[in-house]
Asks: 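Can you read through this structure? Questions will come right after.
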Number of protein chains: 2
Amino acid sequence: MLERLDLSRKLTKAEFKAAREGLELELAALQRLAKERGLPVIILFEGWGASGKGTMINNLIMPLDPRGFTVHSTLRPTEEEALRPFLWRFWTQTPARGRIAIFDRSWYRQVVRERIEGDVKGKALAQAFQDIAAFERQLASDGAVIVKFLLHISRGEQRKRFQKLRDNPATSWRVTKQDLRDQRQYDQFLAAYEDMLAKSDADYAPWTVVEAHDERFATTKIFRTVIAALKTRLEAPPAAPVAKPARRQAAKPAPAEPATDLGSSILAGVDLSLAISEAEYDGRLDRLQDRLRELEHEIYRRRIPLVLVFEGWDAAGKGGCIRRLCRHLDPRGYGVVPIAAPNDVEKLHHYLWRFWLAMPKGGHIGIYDRSWYGRVLVERIEGFCSEAEWRRAYREINEMEQHMANAGTLVLKFWLHLDADEQLRRFQEREQDEHKQWKITEEDYRNRAKRDDYCRAVDEMLLRTDSPHAPWIVVEANCKRHARIKVLETVIATVEQRLDGKPHASERE
Amino acid sequence: MLERLDLSRKLTKAEFKAAREGLELELAALQRLAKERGLPVIILFEGWGASGKGTMINNLIMPLDPRGFTVHSTLRPTEEEALRPFLWRFWTQTPARGRIAIFDRSWYRQVVRERIEGDVKGKALAQAFQDIAAFERQLASDGAVIVKFLLHISRGEQRKRFQKLRDNPATSWRVTKQDLRDQRQYDQFLAAYEDMLAKSDADYAPWTVVEAHDERFATTKIFRTVIAALKTRLEAPPAAPVAKPARRQAAKPAPAEPATDLGSSILAGVDLSLAISEAEYDGRLDRLQDRLRELEHEIYRRRIPLVLVFEGWDAAGKGGCIRRLCRHLDPRGYGVVPIAAPNDVEKLHHYLWRFWLAMPKGGHIGIYDRSWYGRVLVERIEGFCSEAEWRRAYREINEMEQHMANAGTLVLKFWLHLDADEQLRRFQEREQDEHKQWKITEEDYRNRAKRDDYCRAVDEMLLRTDSPHAPWIVVEANCKRHARIKVLETVIATVEQRLDGKPHASERE
């Protein structure tokens with residue numbers, strides 16, 4: 001999903017200037033309060049070479065009391081460090097109560113660089129993720145606040161920045177051979193970062209992806225994120241033993257409601273002008289549907305389960321896509337599972353229970369018209385579950401999908417995207433059509449009024465639950481024909497790739 | 001550690017009769033309250049064939065309202081089940097709020113039987129443990145109470161029970177070929193059970209090992225454990241959303257303080273009469289010390305780190321053992337780390353922080369005179385940490401030791417055991433000896449007065465933190481000579497075994 005992130009986000013000089021002083025004062029006040037309360041704070045920066053980690057750390061520490069923080073740079077382990085378990089050096093660097101430890105790269109080196117260089121793989125990689133999860137959980141249980149940033153820039157931006165550094169004799173030494181090697185491996189790093197996000201995002205130690213093309217935007221986002229994390233904790237009753245009780249109230253900083261929305265956005269970058277003609281559509285649809293039928297037989301023969309999730313705006317055309325997908329399929333091989341609000345029995349169970357029940361078996365296709373993602377969409381926005389519950393859900397959903405993938409299931413998730421105007425046009429069209437009137441209710445308009453909230457929730461969902469083993473595909477759905485063809489082509493390509501690869505242990509033959 | 005468990009525990013008919021009715025009434029009352037509060041309850045039974053799982057489940061459900069529970073038997077997955085991820089069938093069986101699900105064997109099949117039969121190994125095994133941890137955590141986060149029993153009988157007892165069943169024509173069909181095959185693989189199952197205990201014990205889903213030779217003892221222990229788990233939760237404010245608010249107070253059951261201690265005991269079975277003569281001691285000591293020196297060089301050459309933990313009663317002879325261990329060693333290759341109460345700086349960190357700092361590097365021997373186990377011994381008993389903190393610590397310690405093992409570290413943990421009389425004799429001897437008087441203080445007597453509390457804590461520690469990659473060795477220390485020789489021999493045998501095996505990835509050459 002990183003490659004689809006809207007990286008054009010910017011703050012003007014005036015906007016930045018207006019925000020900066022308030023943020024700095026607030027952060028400084030929170031640092032003092034954290035010290036008083038004995039709160040240990042860990043802030044880590046991961047991200048591309050030349051993405052500006054050093055600059056960001058510099059900006060962040062500017063307002064801080066230098067007696068209260070330490071910056072740790074994580075390089076290749078020294079000989080001393082290499083002789084110990086990989087977490088050793090990071091444990092030695094964990095902050096005392098009341099102190100802030102800032103990491104310029106971190107323990108994630110083990111699952112990114114060491115992975116790409118081939119030093120950590122297979123069982124050792126799984127163990128490293130487990131070790132990291134235990135490390136962060138243990139610190140969080142002990143009361144630490146953990147904030148994790150991934151600074152993201154595009155391949156082109158990185159190239160440009162390296163070039164600029166190299167062109168200047170005063171800075172050319174800063175671009176190493178390693179950096180240039182890394183740049184050639186941009187794709188491998190991208191895949192490793194995405195896997196890292198999917199496997200190590202947790203409610204007690206969440207990732208924040210920072211669009212780092214614009215320094216002002218990135219700086220502001222980092223400040224706001226750190227401030228929010230500290231405020232949440234310091235305003236709650238202390239959950240863990242602290243060094244000493246608070247002696248006085250914190251200076252009350254002015255509420256810093258974001259003037260600009262700093263949330264990461266995938267949706268903002270979606271090109272909704274994509275369309276295909278009726279002639280082209282007619283020419284391709286049939287062939288794709290036939291091909292999918294052949295593949296359906298093949299995955300049945302090999303006992304591969306396939307899960308297809310459809311989410312999207314009201315009137316985005318989920319139903320139409322699913323109908324085109326299934327038209328030529330053998331009905332004994334697939335099932336469409338429509339998901340509405342949970343019924344009384346379902347409400348008595350864990351929210352994932354009903355989805356486990358409906359999981360397709362080997363060789364079958366389970367098609368979900370809406371899904372478990374309701375937890376982080378409608379349930380989040382309508383307050384049907386608590387904030388703690390939906391925040392926890394990203395990890396729980398990632399775990400469920402990982403479990404499916406471990407068992408050999410192919411999982412694809414489609415977000416059908418259309419803009420507000422096109423949606424309104426379709427609502428009105430439905431109201432005019434006596435056969436479609438039933439499809440449109442007051443609730444659709446109510447949801448539409450909450451489009452901004454939904455956008456934020458969708459963007460967060462796409463970022464936190466995209467993974468190599470269960471990717472999201474954003475489908476440009478202003479043109480229904482384009483959407484249907486894209487879905488069919490994606491499913492076909494994914495299944496073909498799997499059939500061409502090494503068979504999973506669960507497969508027949 | 002299971003093979004050292006004291007399996008001779010018994011309850012007399014009279015004791016059992018006196019306890020039974022009260023326990024049954026209490027459990028029934030708690031079931032009603034759990035139903036009212038919408039609490040989902042999961043109780044699972046794992047354990048040997050013929051260990052009495054069926055009987056125990058039958059006893060447990062006797063007082064329960066049959067409309068409120070379901071018993072699930074876990075056999076080899078059906079064809080339908082095998083076509084889905086392994087947790088699928090268990091998710092479908094999770095209880096609704098207010099209901100009790102009882103599992104006769106469970107999802108642990110995946111990491112015990114399937115592992116022994118070779119179907120799950122390497123990366124898949126690590127993933128299965130991760131999947132199980134996520135499953136239980138997700139349910140617990142949603143409010144479920146999870147109680148896990150491992151019914152343990154000795155190899156001899158199992159053989160006897162199978163024989164008895166086979167001798168009776170009415171029951172001989174119950175012993176299958178599979179059972180007899182399993183019996184021949186008793187050792188493999190034992191190892192798998194121990195690994196399971198070490199890797200899946202968690203504060204939100206703890207294991208209880210049940211000594212199952214005596215039905216009355218086992219039944220009582222199971223009742224008391226379930227009752228305690230339900231009471232703890234029902235007396236606390238509800239942590240998760242519940243189906244409906246409580247309408248009335250629970251019937252107040254009489255406090256059922258255990259008349260008999262039902263805790264598992266390793267210590268009770270330790271044979272403290274083990275001793276060796278001075279002549280034998282003198283004859284062996286030197287050779288063992290020389291051999292260890294050779295091995296010290298070898299592990300230095302291969303960069304293998306070795307961690308030796310010494311815990312034990314006051315005056316059990318830890319210091320003497322360590323001195324004999326080190327006498328012929330090259331001092332550049334080892335370090336002794338004495339552990340006292342944490343200092344002011346250490347108190348500002350996670351309790352494991354100072355132990356991470358002192359971790360030996362590859363090729364070195366770290367010898368700990370007391371250790372991180374203080375968390376679950378003195379800190380638990382003296383109330384230096386909260387109950388939640390020491391309960392959490394078993395898992396955190398297992399994770400730290402697993403991390404060391406992943407990195408190629410050899411970890412051995414010695415518990416030096418001696419009886420109360422011998423301890424008193426040594427205290428008095430020290431008081432008489434002007435060179436040893438400094439060793440004995442008031443505190444030693446205070447600790448001695450708490451021997452029962454310490455016994456319980458030590459037994460729980462031995463059970464919850466013994467693991468294949470970091471085993472506990474109970475050392476019979478009434479005879480100091482025996483203790484010293486046993487320690488030396490154990491270290492030598494473990495290092496030799498490692499040197500003979502396949503080199504770990506971290507080793508040189």
Side-chain angles (χ1 to χ4, degrees), chain A residues 38 40 80 82-88 91-92 94-99 122-124 126-131 134-135 138-139 141-142 144 241 243 303 305 345 347-353 356-357 359-364 385-386 389 392 395-396 399-400 402-404 406-409 505, chain B residues 38 40 80 82-88 91-92 94-99 122-124 126-131 134-135 138-139 141-142 144 241 243 303 305 345 347-353 356-357 359-364 385-386 389 392 395-396 399-400 402-404 406-409 505:
Chain A
E80 273 293 296
L83 286 168
R84 293 188 172 84
F86 83 90
L87 282 176
W88 174 75
W91 263 100
T92 66
T94 53
R97 300 188 198 291
R99 289 190 61 83
K123 191 178 163 194
Q127 279 174 335
F129 273 115
Q130 238 173 316
D131 288 337
F135 176 50
Q138 290 189 18
L139 293 170
S141 298
D142 196 46
R303 295 286 183 271
V345 171
K347 275 188 199 147
L348 289 174
H349 287 269
H350 192 283
Y351 75 97
L352 287 176
W353 176 77
W356 278 90
L357 256 65
M359 210 171 267
K361 59 185 174 182
H364 286 72
C385 65
S386 71
E389 285 175 326
R392 201 163 71 210
R395 183 179 178 206
E396 295 176 332
E399 288 170 337
M400 181 175 78
Q402 175 77 60
H403 185 70
M404 293 186 199
N406 288 350
T409 311
Chain B
E80 274 292 296
L83 285 168
R84 293 188 172 84
F86 83 90
L87 282 176
W88 175 74
W91 264 99
T92 65
T94 52
R97 301 188 198 291
R99 289 189 61 83
K123 192 178 164 197
Q127 279 174 335
F129 272 115
Q130 238 173 315
D131 288 337
F135 175 50
Q138 290 190 16
L139 293 171
S141 299
D142 196 46
R303 294 288 184 270
V345 171
K347 274 188 199 148
L348 289 174
H349 287 270
H350 192 282
Y351 74 98
L352 287 176
W353 176 77
W356 278 90
L357 256 64
M359 210 172 268
K361 60 184 174 182
H364 286 71
C385 66
S386 70
E389 285 174 325
R392 198 163 72 209
R395 185 179 177 204
E396 295 175 333
E399 287 170 338
M400 181 175 78
Q402 175 77 60
H403 185 72
M404 293 185 198
N406 288 350
T409 311

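These values consider heavy atoms only, across backbone and side chains, with no hydrogens, waters or symmetry-generated copies. Here the structure is a predicted model, which means the values were calculated and not measured. Chain letters run A, B, ... following the sequence lines, proteins first and then strands; every chain starts at 1.
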Asks: Output yes when a side-chain donor or acceptor of A:W91 lies under 3.5 Å from a complementary backbone atom of B:L357, and no otherwise.
Replies: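 Not a single qualifying donor-acceptor pair exists.
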Asks: With sequence neighbours left out, what residues match B:E396 under side-chain hydrogen bond (donor to acceptor under 3.5 Å, both in side chains)?
Replies: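 B:E396 satisfies side-chain hydrogen bond (donor to acceptor under 3.5 Å, both in side chains) with B:Y351, B:R392 only.
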Asks: Chain B: which of A:A134, A:C385, A:G98 shares the most heavy-atom pairs with it under 4.5 Å?
Replies: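 Of the candidates given, the most pairs with chain B belong to A:A134.
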Asks: Heavy-atom distance under 4.5 Å between the side chains of B:E399 and A:Q138, does that happen here?
Replies: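 The answer is yes; the side chains approach within 4.5 Å.
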Asks: If you apply the rule side-chain contact (heavy atoms from CB on, under 4.5 Å), what do you find for B:R97 with A:H349, and how did you get there?
Replies: CA-CA 6 Å; B:R97 301 188 198 291; A:H349 287 269; over 6 Å; no
Asks: Between B:P360, B:P40, B:A126, B:G363, which has the largest tally of heavy atom pairs under 4.5 Å with chain A?
Replies: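 When all of B:P360, B:P40, B:A126, B:G363 are compared, B:P360 has the most.
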Asks: Output the option from A:A124, A:A96, A:A82, A:P95 having the highest count of non-hydrogen pairs under 4.5 Å with chain B.
Replies: A:A96
Asks: Using a cut-off of under 4.5 Å for heavy-atom pairs, which of B:M400, B:Q402, B:K361 has the most such pairs with chain A?
Replies: B:K361
Asks: Any chance the rings of B:H403 and A:F135 have centres within less than 6.0 Å?
Replies: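 No; A:F135 has its ring centre 6.0 Å or more from that of B:H403.
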Asks: Specify which of A:K347, A:M404, A:E80, A:H364 makes the most heavy-atom pairs with chain B at under 4.5 Å.
Replies: A:E80
Asks: B:A407 versus chain A, heavy atoms under 4.5 Å apart: side chain, backbone, both or neither?
Replies: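 Side chain only.
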Asks: Judged by atom type as modelled, is there a donor-acceptor pair below 3.5 Å linking the side chain of A:R84 to the main-chain atoms of B:G362?
Replies: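 No.
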Asks: Could you check A:T94 against B:H350 for side-chain contact (heavy atoms from CB on, under 4.5 Å), going step by step and ending with a plain yes or no?
Replies: CA-CA 9 Å; A:T94 53; B:H350 192 282; 5.7 Å; no
